[in-house]
Amino acid sequence: MGGIAFLIVRDRHGTIQVAMPKKKVPPELFAAATALSRESVVRIKGVVKQSAQARNGYEVIPSMIDVLSAARSPLPMGVVDKVNVEMDTRLNNRYMDLRKPEVRAVFEIKSMVLQFIDEYLVKNNFVEVFTPKVVASGAEGGSTLFKIDYFGQPAYLAQSPQLYKQMLMSTGLDRIFEISPAFRAEPSDTVRHVSEFISFDGEMAHIRGMRDVLDVLEGCTQYVVEGVARDGAELVSKLNMEIKMPKTPYPVIAYADALDMVVAEGLSLSMGDDLGTEGEKVIGDIMAEKGYDVYWIVDYPEEAKPFYIMEKDGTPFSHSFDLDYRGQEIASGGQREHRYDRLVERMRKKGLEPDSFDFYLAAFAYGMPPHGGWGLGVERLVQKMLDLPNIRETIIFPRDRNRLSP
RNA sequence: GCCCCGGUAGUGUAGCGGCCCAUCAUGAAGCCCUGUCGAGGCUUCGACUCGGGUUCAAAUCCCGACCGGGGCGCCA
């Protein structure tokens, strides 16, 4: 038994040292404190003292230590240990993982991101809506839908609010947005895919063209990143990084030009091909050299885009865009086809049966203004903004191909 | 779904046919020391994913299952 013992106590905001010189605290308190297991929950009463030896300049001399919950031992993973913990282990023990300030900071930042999105869109006269997540059909084919049983009827988890938000464009709500979960049954297994994610969707009526949509989305992402860099500086510093402000205006690269850039770098792609992950990264590198972190890639081949995207007449292209953040797509959207006949025509072209979309098409038959919108992956935005290696770092309890719990 | 790689103590790892009743770190238990501060010293505890096979001999090689990592495709 030495003459002094210490406890490091952690709460949401940080840590403080509890110092117990043997002569200055009751013996039973000293004994209880030194017997405490790591990560136990305590309530402490004492005197806060300035102390040159304490790490943050202050320490507590306790007069009472109440053990609210003793932690079992050994811990399933260390919180302050110097050994690494694999992500799988961390996710299996997320309640413990989240005790690390740097892990928690990501989710506090994510919360800020959502608040800034809300703030910006409301300022710009958007109305927040909620569309069903249990649906009868998907926006584009059924292969990526999770099937569920709905009172004996087949139903699906929504992969996107696409059809609903477009229908609302005929109502006079004019500018709407939604932040809600989206479900994809794609068997993707990458650091940027999960089967459940938060989708930030917007749709605006009476646009003059796609540029109107880009302006809102650019304004919004810029507002978010600026806001986090400003109000979240302390949280960001816990991640040992600094947010780099994207340069504005975001450059606009036409798909055809992007293709040339990629081919010039040695990739063998031809007109109509998807840029691919490698192509996206190449573009990301080229743009980074020019100082741009965020940029648009627009006018994709109509063939590569869903039925609801408007074609660029007289060309093989479409009024479509992706928003890329350092080589990764974080949002996509475009101007929609609002003309009933052209829409039906496009459905057929895509091999879809218009009859199975009658609830959707009806909204186009009685006055539908020109409109456009986007879908943005909130976690992808957070991931790229904070330069995180895996999208799972931005989801408290991620769902992917292999993970259904916790 | 395809292609690579891997599964060793609570955690993270070394070992990759006999030298291993398995290394190191962290952790836990105990002792010593100590105004500590990702403290230090000593002692102890604790593991080869599962099932087949090859071999005189398997943590080590082969097959399968399960689990995980990376890349691709697809996309937010």
Side-chain angles (χ1 to χ4, degrees), chain A residues 1-9 15-24 34-35 37-39 49 51-59 61 71-93 96-97 100 139-141 143-144 159-162 179-202 217 273-281 300 304-306 321-325 328-333 374-384 389-392 394-395 400-403:
Chain A
M1 275 292 148
I4 188 161
F6 301 94
L7 234 47
I8 304 293
V9 184
T15 59
I16 188 153
Q17 172 168 286
V18 177
M20 294 166 288
K22 214 169 181 181
K23 293 175 232 157
K24 294 189 184 171
T34 49
S37 56
R38 302 198 304 163
E39 294 299 320
K49 280 194 173 161
S51 159
Q53 291 113 312
R55 186 195 312 199
N56 38 17
Y58 290 90
E59 64 185 8
I61 311 296
R72 230 185 260 174
S73 174
L75 301 170
M77 57 174 277
V79 176
V80 295
D81 296 1
K82 45 179 145 180
V83 295
N84 293 326
V85 186
E86 287 200 352
M87 190 159 66
D88 195 50
T89 305
R90 291 175 44 214
L91 292 177
N92 283 335
N93 301 283
M96 190 62 67
D97 186 43
K100 298 179 196 160
E140 41 225 283
S143 60
T144 68
Q159 63 190 177
S160 150
Q162 185 63 33
I179 299 172
S180 63
F183 304 89
R184 302 279 163 91
E186 289 156 356
S188 301
D189 207 358
T190 77
V191 294
R192 60 197 175 285
H193 288 89
V194 282
S195 38
E196 178 179 356
F197 65 95
I198 301 301
S199 185
F200 158 41
D201 287 85
L217 190 50
D273 286 349
D274 194 278
L275 292 174
T277 305
E278 211 183 339
E280 280 189 339
K281 284 177 187 159
Y300 281 88
K305 288 290 167 183
F321 65 83
D322 280 0
L323 181 61
D324 278 46
Y325 199 149
Q328 184 173 132
E329 179 185 347
I330 64 165
S332 71
W374 67 86
L376 177 144
V378 171
E379 286 93 355
R380 283 198 177 173
L381 171 59
V382 174
Q383 184 192 354
K384 295 310 282 188
N390 195 312
I391 197 167
R392 275 155 263 248
T394 70
I395 302 172
D400 62 36
R401 185 122 168 73
N402 304 306
R403 182 173 286 280

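Residue numbering restarts at 1 for every chain, and letters A, B, ... go by the order of the sequence lines.
- The residue A:Ser199 sits apart from the nucleic acid: no heavy atom pair falls under 4.0 Å.
- Of the candidate nucleotides B:C75, B:G70, B:G1, B:G1 has the atom lying nearest to any side-chain atom of A:Arg401.
- Interatomic distance, A:Thr394 OG1 to A:Arg192 CZ, rounded to the nearest 0.5 Å: 14.0 Å.
- In summary, the side chains of A:Arg90 and A:Asn84 do not present any donor paired with an acceptor at a separation below 3.5 Å, with no hydrogens or angles considered.
- By the side-chain contact (heavy atoms from CB on, under 4.5 Å) test, A:Glu196 pairs with A:Pro181, A:Phe183, A:Arg399, sequence neighbours left out.
- To the nearest whole angstrom, the two P atoms, one in B:A76 and one in B:C16, are 48 Å apart.
- Not a single side-chain hydrogen bond (donor to acceptor under 3.5 Å, both in side chains) links A:Ser195 to another residue, sequence neighbours left out.
- Residue A:Ser37 is classed as having no contact, given no heavy-atom separation below 4.0 Å to the nucleic acid.
- Listed nucleotides: B:G68, B:C75, B:A28. Nearest to the side chain of A:Glu186: B:C75.
- One interatomic measurement links the two molecules: CD of A:Glu278 to C1' of B:C74, which rounds to 16 Å at whole-angstrom precision.
- When the side-chain nitrogen and oxygen atoms of A:Ser160 are compared with OP1 and OP2 of B:A76, none of them lie within a distance under 4.0 Å.
- B:G15 and B:A58 are spaced 14 Å apart, taking the C1' atom of each and rounding to whole Å.
- Of the candidate nucleotides B:C74, B:G35, B:A76, B:G35 has the atom nearest to the side chain of A:Ile4.
- In this structure the side chain of A:Leu217 reaches within 4.5 angstrom of the side chain of A:Phe321, judged on heavy atoms.
- Rounded to whole Å, the separation between the C1' atoms of B:U44 and B:C63 comes to 41 Å.
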What string of B, S and - do you get for nucleotides 42-50 of chain B 5' to 3' if you count protein non-hydrogen atoms under 4.0 Å?
---------
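- Contact annotation: A:Lys281 side-chain N/O to B:C72 OP1/OP2 distance is under 4.0 Å.
- Closest non-hydrogen pair, A:Ser332 versus A:Asp322, comes out as CB-OD1, 3.1 Å.
- The base of B:C74 lies close enough to the side chain of A:Ser188 for a donor and an acceptor atom to sit less than 3.5 Å apart.
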Identify all pairs in which a protein N or O lies below 3.5 Å from an N or O of nucleotides 6-14 of chain B, and state each distance.
residue	atom	partner	partner atom	Å
B:G10	O2'	A:Leu75	O	3.0
B:G10	O2'	A:Pro76	O	3.1
B:U11	O2'	A:Asn84	O	3.3
B:G12	OP1	A:Glu86	N	3.2
B:G12	OP1	A:Thr89	OG1	2.7
B:G12	O4'	A:Asn84	O	3.0

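- In terms of polar N and O atoms assigned as donor or acceptor, the side chain of A:Arg184 comes within less than 3.5 Å of the base of B:A76 in a complementary pairing.
- At a cut-off of 3.5 angstrom, the base of B:C67 holds no donor-acceptor pair with the side chain of A:Arg403.
- With hydrogens and angles disregarded, no donor-acceptor distance shorter than 3.5 Å links the side chain of A:Glu280 to the backbone of A:Leu275.
- The line from NZ of A:Lys384 to CD1 of A:Ile391 is 10.5 Å long, rounded to the nearest 0.5 Å.
- Here A:Ile198 contributes atom CD1 and A:Ile179 contributes atom CD1; the two are 9.0 Å apart, rounded to the nearest 0.5 Å.
- In this structure, A:Phe197 counts as stacked on the base of B:A76 under the 5.5 Å centre distance and 30° plane angle limits.
- One can place CD1 of A:Ile16 at 18 Å from P of B:U36, the figure rounded to the nearest angstrom.
- A:Glu280 comes within 4.0 angstrom of a nucleotide base, judged by non-hydrogen atoms across all strands.
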Note, RNA chain B 5' to 3' with Watson-Crick or G-U pairs under 3.5 Å encoded as ( ), [ ], | and . gives (((((((..(((.....[.....)))((((((.......))))))...(((((..]....))))))))))))....
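- Put simply, the side chain of A:Thr144 never gets that close to the backbone of A:Glu186: no donor and acceptor are under 3.5 Å apart.
- Between B:G40 and B:A25, the distance separating the two C1' atoms is 16 Å to the nearest Å.
- Checked against salt bridge (Lys or Arg N to Asp or Glu O under 4.0 Å), A:Arg401 has no partners two or more places apart in sequence or in another chain.
- Only the C1' atoms considered, B:C24 is 16 Å distant from B:C48, to the nearest whole Å.
- Within the 4.0 angstrom heavy-atom criterion, only backbone atoms of the sugar-phosphate kind lie near A:Asn402; the bases stay farther away.
- Heavy atoms of A:Val191 sit under 4.0 angstrom from primed sugar atoms or phosphate atoms, though from no base atom.
- A distance-only check finds a donor-acceptor pair linking the side chain of A:Arg380 to the backbone of A:Glu329 [under 3.5 Å].
- Distances were taken from every side-chain heavy atom of A:Arg192 (C-beta onward) to each of B:U36, B:C72, B:A76; the shortest belongs to B:C72.
- Judged by distance alone, with hydrogens and angles left aside, the side-chain atoms of A:Asp97 form no donor-acceptor pair with the main-chain N or O of A:Asn93 at under 3.5 Å.
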